[in-house]
Peer 1: 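My structure is below; once you've seen it, I'll send some questions.
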Amino acid sequence: MKIGLAQMNSQGSREENLLSAETLIRTLAGSGAELVMLPEHFSFIGPDSEKRNQAEPIDNSASLEMIRTCAVELRIYIHLGSFLEKEGDRVFNTAVVVGPSGEVIARYRKIHLFDVEIPGGRKYLESDTISAGRETVLFSAGNFVFGLATCYDLRFPELFRSLVARGANILLLPAAFTEETGRDHWELLLRARAVENQCWVAAAGQWGTAPPNHASYGRSMVINPWGVVVAQAGDGVSTVTADLDLDMLHTVRTAFPALAHVRRDLF
């Protein structure tokens with residue numbers, strides 16, 4: 001399966017972000033991508049005070065409707081990265097995957113919320129506006145089983161080990177990693193998740209500045225089960241593709257059977 005990653009620089013206008021996303025989706029589909037993934041918060045990045053107003057119910061979402069229309073027309077799978085989902089009084093950071101027939105085949109609400117004070121940087125509390133999810137999520141497409149995670153989840157290896165224990169062989173991670181953390185941790189953590197789980201890992205990131213003071217690292221990439229980066233975006237709004245190969249995954253797991261050595265009786 002060929003996967004395509006869209007690296008965006010989403011801003012405060014949902015309409016402009018949707019147009020940008022559609023352009024990138026069509027570019028990737030034209031390059032042969034059968035599954036396209038957008039970054040976290042693809043439809044809006046802006047002040048926290050605006051997030052509740054930007055949140056959309058999943059059954060009445062202009063953002064999701066655009067994704068569904070593209071998936072049907074282009075006959076591809078689309079992972080929208082994440083958007084602000086409204087349910088009652090709560091707002092979730094939600095990933096949705098749509099199939100080639102336009103059906104929603106997976107929905108994942110980000111479990112780990114980014115509540116940190118970066119040394120020498122800034123303090124940010126995602127939980128001020130976002131509610132945490134409580135369920136891990138997988139979906140299948142052909143012979144592939146995909147496990148879902150979002151941005152800050154990357155720092156919690158137990159989530160990924162759980163997904164792999166349930167059959168995941170591809171791990172998908174949309175993100176808006178900060179410049180401060182991205183420079184030192186982004187590739188390091190992505191490669192670690194690939195190596196320790198002997199999985200393909202694909203990560204689509206936001207890039208560049210956005211209001212009021214967001215600065216995202218970008219460098220969207222695909223990593224093979226041996227931990228080698230096989231495709232990576234540079235700076236700027238761009239696209240990248242890679243071929244996901246299950247034969248390579250099975251070869252790695254057979255020749256180096258680390259997963260078979262996990263002490264589940266102890267951990």
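This chain uses plain numbering: 1 for the first residue, then up along the sequence. The basis for the numbers below is simple: all heavy atoms, side chains too, and nothing from hydrogens, waters or symmetry mates.
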Peer 1: Which residues pass the salt bridge (Lys or Arg N to Asp or Glu O under 4.0 Å) test with D59, sequence neighbours left out?
Peer 2: none
Peer 1: Using a strict 4.0 Å threshold on nitrogen-to-oxygen distance, state whether R219 and D235 make a salt bridge.
Peer 2: yes
Peer 1: Any side-chain to backbone donor/acceptor pair from R90 onto S131? Under 3.5 Å, distance only.
Peer 2: no
Peer 1: Strictly below 4.0 Å, N to O, side chains only: are R193 and E196 in salt-bridge contact?
Peer 2: yes
Peer 1: Applying side chain to side chain donor-acceptor pair (under 3.5 Å) to E15 and N17, what does each step give before you reach the verdict?
Peer 2: CA-CA 5 Å; E15 292 75 16; N17 294 332; over 6 Å; no
Peer 1: Are V98 and L24 grouped together when hydrophobic residues (ILVMFWY) are joined by side-chain heavy atoms under 4.5 angstrom apart?
Peer 2: yes
Peer 1: Under 4.5 Å between side-chain heavy atoms, chaining through other members, with only Ile, Leu, Val, Met, Phe, Trp and Tyr counted: pull out the rest of the cluster around I130, sorted by chain and number.
Peer 2: F44, L84, V91, L113
Peer 1: Within the 3.5 Å criterion, strictly below it, is a donor on T178 or T181 matched to an acceptor on the partner's side chain?
Peer 2: yes
Peer 1: Would you say K86 has more than 12 foreign heavy atoms packed within less than 6.0 Å of its NZ?
Peer 2: no
Peer 1: Go through the steps to decide whether E56 and S63 satisfy the test side chain to side chain donor-acceptor pair (under 3.5 Å), and finish with yes or no.
Peer 2: CA-CA 8 Å; E56 306 171 80; S63 302; 2.6 Å; yes
Peer 1: Ignoring hydrogens and angles, state whether a donor on the side chain of Q206 or S10 is under 3.5 Å from an acceptor on the partner side chain.
Peer 2: yes
Peer 1: Quick one about R109 and N93 (side-chain donor to acceptor, distance below 3.5 Å, no hydrogens or angles considered), yes or no?
Peer 2: no
Peer 1: Between the main-chain N or O of P57 and the side-chain N or O of S61, is there a donor-acceptor pair closer than 3.5 Å?
Peer 2: no
Peer 1: Is the shortest distance from a Lys or Arg side-chain nitrogen in E85 or R107 to a carboxylate oxygen in the other one below 4.0 Å?
Peer 2: yes
Peer 1: Should M221 and L35 be regarded as members of a common hydrophobic cluster, given that ILVMFWY residues are connected when their side-chain heavy atoms come within less than 4.5 Å of each other, either directly or indirectly?
Peer 2: yes
Peer 1: When clusters are formed by joining ILVMFWY residues with side-chain heavy atoms under 4.5 Å apart, either directly or through shared neighbours, do Y77 and L244 land in the same one?
Peer 2: yes
Peer 1: Would you say I111 and D153 make side-chain contact, with heavy atoms under 4.5 Å?
Peer 2: yes
Peer 1: Are F139 and F160 joined in one hydrophobic group, where the rule is that I, L, V, M, F, W and Y side chains link up if heavy atoms are under 4.5 Å apart?
Peer 2: yes
Peer 1: Short question: side chain of S82, backbone of H41 - any donor-acceptor pair under 3.5 Å?
Peer 2: yes
Peer 1: Do Y152 and D115 meet the criterion of a side-chain donor-acceptor pair at a distance under 3.5 Å?
Peer 2: no
Peer 1: Quick check against the 3.5 Å criterion: does R253 have a side-chain atom that pairs as donor or acceptor with the backbone of N197?
Peer 2: yes
Peer 1: Between the side chains of E179 and S216, does any donor sit under 3.5 Å from an acceptor?
Peer 2: no
Peer 1: Is K110 salt-bridged to E126, going by a charged N under 4.0 Å from an acidic O?
Peer 2: yes
Peer 1: Under 6.0 Å between the ring centres of F177 and Y217?
Peer 2: no
Peer 1: Assess whether salt bridge (charged side-chain N to carboxylate O under 4.0 Å, His left out) is satisfied between E73 and R26, documenting all intermediate values.
Peer 2: CA-CA 10 Å; E73 178 186 341; R26 292 184 180 279; 2.9 Å; yes
Peer 1: Please confirm whether the backbone N or O of W200 pairs with a side-chain atom of N169, one donor and one acceptor, at under 3.5 Å?
Peer 2: no
Peer 1: Report yes or no: do L172 and I25 belong to one cluster of Ile/Leu/Val/Met/Phe/Trp/Tyr joined by side chain heavy-atom distances under 4.5 Å?
Peer 2: no
Peer 1: Do you know which two heavy atoms are closest between P174 and A149, and how far apart they sit?
Peer 2: CD-O, 3.1 Å
Peer 1: Closer than 3.5 angstrom, by distance alone: can the side chain of S140 be matched with the main-chain N or O of V145 as a donor-acceptor pair?
Peer 2: no
Peer 1: For the residue pair F156 and H112, categorise the inter-ring angle as parallel (less than 30°), tilted (30 to 60°) or perpendicular (more than 60°).
Peer 2: parallel
Peer 1: Is the number of heavy atoms from other residues, nucleotides or ligands within 6.0 Å of CD (E16) greater than 12?
Peer 2: no
